[in-house]
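Here is the structure we will look at.
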Amino acid sequence: MSRYFVMTAIPYVNGKPHVGHALELVETDFLARYRRHRGDEVRAQTGTDDNALKNVQSAEAAGVSPQEYVEQVAQGFLSLGRALNLSFDDFIKTSSDPRHRPGVEKLWAACAERGDFYTKSYTGLYCYGCEQFYTEDELVEGLCPEHRVRPDLVEENNWFFRLSRYQDQLIELISSDRLRIEPAHRKREVLSFIESGLEDFSVSRSMERARGWGIPVPGQPDQVVYVWYDALANYITAPGYGSDEKNFAHWWTDSDERVHVIGKGIIRFHAVYWPAMLLSAGIQLPSTVFVHEYLTAGGRKISKSEGNAADPGELAERFGTDAMRWWMLRDVALTGDTDYTDERLVARNNEDLANNIGNLVNRTVSMVNKYRGGAVPALPGETALSADLRRVRAEAGARLDAEVAAFDFRKAAEVITQLGNEGNRFVEAATPWTLAKAEKKEGAVPETLDGVLAELVETCRVLGDLLVPFLPESAARILEQTGHGGDRVTAPAPIFRRLELATAED
RNA sequence: GGGCCGGUAGCUCAGCUGGUCAGAGCAGGGGACUCAUAAUCCCUGGGUCGCGGGUUCGAGCCCCGCCCGGCCUACCA
């Protein structure tokens with residue numbers, strides 16, 4: 001048994017979560033459930049990044065205080081947890097969680113102690129409308145691309161972190177996979193970035209520019225901790241860095257794996273800045289950073305302004321939680337963005353779940369009821385007929401392990417559908433209905449049909465077991481109907497419903 | 001400008017270190033069966049593997065150039 005700590009990035013969201021956020025949550029939840037199901041000791045964590053300046057702006061736009069605003073955002077994510085049947089052990093809100101600030105202060109002190117902070121005057125072109133700095137080449141004819149105004153030259157004295165100091169160490173850690181970055185092409189990307197030379201980055205902002213929102217720099221209350229330094233720290237403050245050292249040691253320092261699940265847009269922060277911060281503070285590094293790609297919606301980038309930001313809670317309600325989870329795990333590519341459409345979700349649900357697995361369970365349970373009064377016969381030895389099925393069934397677990405270890409959820413899911421296919425083929429090859437007639441009309445011995453039914457029940461039970469991390473509710477129903485490994489099945493009832501697309505008038 | 005990832009049958013995609021690598025699923029066409037959620041099973045795929053060169057006995061798979069799409073480009077998620 002190993003100790004496994006998996007966490008999502010904590011999003012800052014100026015609005016409700018969309019399917020893209022749901023993807024990261026579902027993938028992380030899957031990993032957590034998978035390891036728990038294997039018997040590992042697991043902690044899964046998510047939360048919200050509250051201290052971003054953009055939250056202040058969004059709060060203003062919404063006419064509420066920043067604290068009220070981030071609380072609303074957090075509620076949106078918490079309700080998503082219910083809609084998607086997520087099993088997180090912890091949810092940290094960086095603005096209000098009492099564990100967070102002491103941890104950030106401790107981390108700050110540790111980096112300072114190491115001599116990795118220094119102050120530097122930074123001068124840049126600042127647009128007050130955007131509340132951000134622009135570089136020359138980002139400007140359009142010298143004007144802010146958003147507000148069409150000339151940005152002001154602003155000078156500010158900020159704290160900087162000596163990232164440059166850790167360049168060689170990071171290269172060594174990443175190329176040797178002591179800090180594993182997956183998939184492989186992301187590792188190459190990070191390495192080439194680091195090799196091109198790292199520059200120090202600023203880790204504080206003036207309190208004024210931050211509008212008083214954020215964590216004050218220890219000993220210098222006119223500065224706040226830069227949001228990324230603050231946000232990244234959530235991974236260690238939640239388990240207790242700075243507030244509960246025993247728990248922190250248990251889940252971070254002494255765990256076997258510490259896995260980050262993040263989107264491709266924030267690789268740099270997780271694979272470069274964050275490990276460097278930890279090296280500086282003398283803290284254990286994460287073991288793995290898994291990078292997922294993005295979802296698009298109807299072929300276009302998801303954005304609120306396009307009005308195509310599908311609400312995952314609503315989709316889960318419309319199509320079912322497990323249909324939604326299945327689509328995200330079964331149809332989303334490891335490399336390259338994946339387009340979400342209702343059509344794809346419905347097709348995947350109907351083909352894989354309803355027609356393949358669901359139907360196999362249903363016909364199996366029905367036949368056991370019809371031909372054996374619900375009693376499950378004993379599993380016989382292997383026959384020529386059952387050899388293929390048995391092989392696929394026996395290999396499924398190991399194949400699943402390998403695919404999950406590589407974060408290839410799609411191939412992992414395919415292992416399961418392949419077993420379902422094999423089961424359905426076995427039914428056709430064995431034709432149990434013919435065997436049943438032979439017993440009735442010709443007085444054939446019952447052993448042949450017994451064997452076939454036992455083989456099928458066993459296959460369904462394995463399917464149910466393998467599906468637990470993917471589809472917790474449906475898997476439980478499969479295991480229930482197939483009698484929890486006992487000697488009776490229940491009455492048959494469809495596990496998965498067939499879905500139809502909404503018609504035009506809907 | 002630089003970097004990375006894609007461009008394979010109508011659709012979604014597999015094809016690891018070059019030699020059954022021209023494939024799977026879906027859709028479409030034909031057939032079978034009836035236990036089952038009009039589900040299942042069998043048969044049916046001749047697509048310049050983005051384009052042009054090159055290396056090699058042999059290249060989707062290696063090299064060079066180009067075209068198209070996506071992403072990243074540092075203190076801006």
Side-chain angles (χ1 to χ4, degrees), chain A residues 9-13 49 52-54 120 122 124 127 130-135 137-138 158-161 163 183-205 226-229 231 262-270 272-273 291 293-294 296 299 301 331 333-339 341 343-344 347-348 350-371 410-411 414 417-418 420-421 423-437 449 452-453 456 492-499:
Chain A
I10 52 170
Y12 96 77
V13 190
D49 173 10
L53 182 57
K54 294 231 171 115
K120 190 171 89 177
Y122 177 78
C127 170
C130 300
E131 289 288 358
Q132 71 168 42
F133 283 97
Y134 281 102
T135 58
D137 54 344
E138 286 175 322
N158 291 327
W159 287 97
F160 277 71
F161 175 77
L163 180 65
H185 72 265
R186 295 298 176 191
K187 171 181 170 179
R188 293 195 295 274
E189 182 181 322
V190 169
L191 281 173
S192 76
F193 168 72
I194 298 174
E195 281 159 1
S196 73
L198 295 179
E199 293 177 19
D200 299 343
F201 67 102
S202 79
V203 288
S204 74
R205 289 288 181 281
Y226 171 52
V227 63
W228 266 108
Y229 190 95
I262 64 164
K264 64 183 176 184
I266 54 178
I267 299 177
R268 179 151 311 162
F269 299 97
H270 287 78
V272 182
Y273 294 11
V291 183
E293 311 260 332
Y294 291 152
T296 54
K301 185 173 178 175
D331 217 20
L334 195 54
T335 299
D337 292 350
T338 298
D339 193 39
T341 62
E343 286 80 1
R344 285 182 70 156
R348 219 72 255 194
N350 291 352
E351 289 164 23
D352 295 339
L353 301 183
N355 296 353
N356 181 350
I357 297 166
N359 188 235
L360 178 63
V361 173
N362 195 235
R363 66 202 305 204
T364 296
V365 173
S366 293
M367 286 190 283
V368 173
N369 273 289
K370 185 169 288 189
Y371 300 145
R410 191 162 58 170
K411 282 186 182 165
E414 198 178 354
T417 60
Q418 283 174 354
N421 282 330
N424 277 311
R425 266 196 289 275
F426 176 76
V427 176
E428 299 299 325
T431 58
W433 48 91
T434 306
L435 300 175
K437 282 175 194 156
L449 179 54
V452 169
L453 294 177
L456 285 171
I495 305 289
F496 304 101
R497 65 192 168 106
R498 289 180 56 79
L499 297 173

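Below, chains carry the letters A, B, ... as their sequence lines are ordered, and counting in each starts from 1.
To the nearest whole angstrom, the two P atoms, one in B:rA22 and one in B:rA59, are 12 Å apart. Comparing the P positions of B:rG47 and B:rA9 gives an interatomic distance of 11 Å, to the nearest angstrom. Atom name P, nucleotides B:rG15 and B:rC35: the rounded distance is 41 Å, in whole Å. Straight-line distance between the C1' atoms of B:rG60 and B:rC21: roughly 8 Å, to the nearest whole Å. Taking the P atom of each, B:rG28 and B:rU17 are spaced 36 Å apart, rounded to whole Å. When the C1' atom is compared between B:rA27 and B:rU20, the two are found 28 Å apart, to the nearest whole Å. Across B:rG18 and B:rC4, the matching C1' atoms stand 24 Å from one another, rounded to whole Å. Nucleotides B:rU73 and B:rG19 place their C1' atoms 41 Å apart, quoted to the nearest Å.
Nearest to the side chain of A:K264, among B:rC71, B:rC75, B:rC35, sits B:rC71. Taking the side chain of A:S202 as heavy atoms from C-beta on, and the options B:rU40, B:rC75, B:rU12, the nearest nucleotide is B:rC75. Of the candidate nucleotides B:rG25, B:rC35, B:rC13, B:rG25 has the atom lying nearest to any side-chain atom of A:R348. Proximity note for A:V227 (side chain, C-beta onward) versus B:rU40, B:rC5, B:rA77: the nearest is B:rA77. Nearest to the side chain of A:N421, among B:rC5, B:rA36, B:rC41, sits B:rC41. Here B:rU73 is the nucleotide among B:rC75, B:rU73, B:rA36 with the atom lying nearest to any side-chain atom of A:R268. When each of B:rA77, B:rG70, B:rU37 is scored by its nearest atom to the side-chain atoms of A:F496, the top-ranked nucleotide is B:rU37. The side chain of A:R188 sits closest to B:rC5 out of B:rA36, B:rA77, B:rC5. Distances from the side chain of A:F201 to the nucleotides B:rC75, B:rA14, B:rU40 place B:rC75 closest. Taking every side-chain heavy atom of A:D337 into account, B:rG70 is the closest of B:rG70, B:rC35, B:rA77.
Among the atoms of the strands shown, none is found under 4.0 Å from any heavy atom of A:R186. Nucleic acid contact for A:R425: sugar-phosphate only, since backbone atoms but no base atoms lie under 4.0 Å from a heavy atom of the residue. The residue A:Y226 sits close only to the backbone: its heavy atoms come under 4.0 Å of sugar-phosphate atoms, none of a base. As judged by a 4.0 angstrom heavy-atom cut-off over every strand, A:L198 is placed among the base-contacting residues. Here A:S192 lies in heavy-atom contact (under 4.0 Å) with sugar-phosphate atoms only. A:E199 comes within 4.0 angstrom of a base, heavy atoms only. Among the atoms of the strands shown, base atoms are found under 4.0 Å from some heavy atom of A:G197. Heavy atoms of A:I267 sit nowhere under 4.0 angstrom from any nucleic acid atom. At a threshold of 4.0 angstrom between heavy atoms, the contacts of A:G358 include nucleobase atoms, whether or not backbone atoms are also involved. Among the heavy atoms of the strands lying under 4.0 Å from A:N355 are primed sugar atoms or P, OP1, OP2 only; no base atom is included. When heavy atoms are screened at a 4.0 angstrom cut-off, A:N362 is found touching base atoms of the nucleic acid. Base engagement by A:F160 is indicated by at least one non-hydrogen atom pair under 4.0 Å involving a base atom.
With its glycosidic angle more than 90° from 0, B:rG53 is assigned anti.
Partners of A:F201 by ring-ring contact (aromatic ring centres under 6.0 Å, His included), not counting sequence neighbours, listed by chain and number: A:F161, A:Y273. Applying the salt bridge (Lys or Arg N to Asp or Glu O under 4.0 Å) test to A:K264 and every residue at least two apart in sequence or in another chain returns A:E293, A:D337. For A:E189, the salt bridge (Lys or Arg N to Asp or Glu O under 4.0 Å) test picks out A:R186, with sequence neighbours left out. In terms of the salt bridge (Lys or Arg N to Asp or Glu O under 4.0 Å) criterion, residue partners of A:E428 (sequence neighbours excluded) are, by chain and number, A:R363. Shown here are the salt bridge (Lys or Arg N to Asp or Glu O under 4.0 Å) partners of A:R188, two or more places apart in sequence or in another chain: there are none.
B:rC13 atom P lies 7 Å from atom CZ of A:R410, rounded to whole Å. Atom pair A:Y294:OH and B:rC5:C1' shows a separation of 14 Å (rounding to whole Å applied). Across the protein-nucleic acid pair, A:R498 atom CZ and B:rA39 atom P stand 4 Å apart, rounded to whole Å. In this structure, CG of A:L353 is placed 14 Å from P of B:rC26, rounded to the nearest angstrom. We find that CG of A:D331 is positioned 16 Å from P of B:rC11, with the value rounded to whole Å. In this structure, A:E189 places its CD atom 8 Å from P of B:rC5, rounding to the nearest Å. In this structure, CD1 of A:I495 is placed 16 Å from P of B:rA36, rounded to the nearest angstrom. Atom-to-atom, CD of A:E428 to P of B:rA32 comes out at 14 Å; the value is rounded to the nearest Å.
In terms of position along RNA chain B, the nucleotide closest to A:E293 lies nearer the 5' end than the nucleotide closest to the other residue of the pair A:P494 and A:E293. For the pair A:A333 and A:E351, nearest-nucleotide mapping onto RNA chain B gives the more 5' position to A:A333.
Using a 4.5 Å heavy-atom cutoff, the side chains of A:V427 and A:M367 are in contact. Looking at heavy atoms from C-beta onward, A:Q418 lies in side-chain contact with A:E414 at the 4.5 angstrom threshold. Contact annotation: the side chain of A:L360 approaches that of A:L456 to within less than 4.5 Å [non-hydrogen atoms, C-beta and beyond].
Taking a pair as Watson-Crick or G-U with both hydrogen-bonding distances under 3.5 Å, the stems of three or more pairs touching RNA chain B are B:1-7 with B:67-73, B:10-13 with B:23-26, B:28-32 with B:40-44, B:50-54 with B:62-66.
Checked by atom type and distance alone, the side chain of A:S204 pairs as donor or acceptor with a backbone atom of A:W159 at under 3.5 Å.
The side-chain hydrogen bond (donor to acceptor under 3.5 Å, both in side chains) test with A:N356 is passed by exactly one of A:T417, A:N350, A:N421: A:N421.
For the residue pair A:N424 and A:N355, the shortest heavy atom distance occurs at ND2-O, 4.3 Å.
With its ring centre under 5.5 Å from that of the base six-membered ring and a plane angle below 30°, A:W433 counts as stacked on B:rC35.
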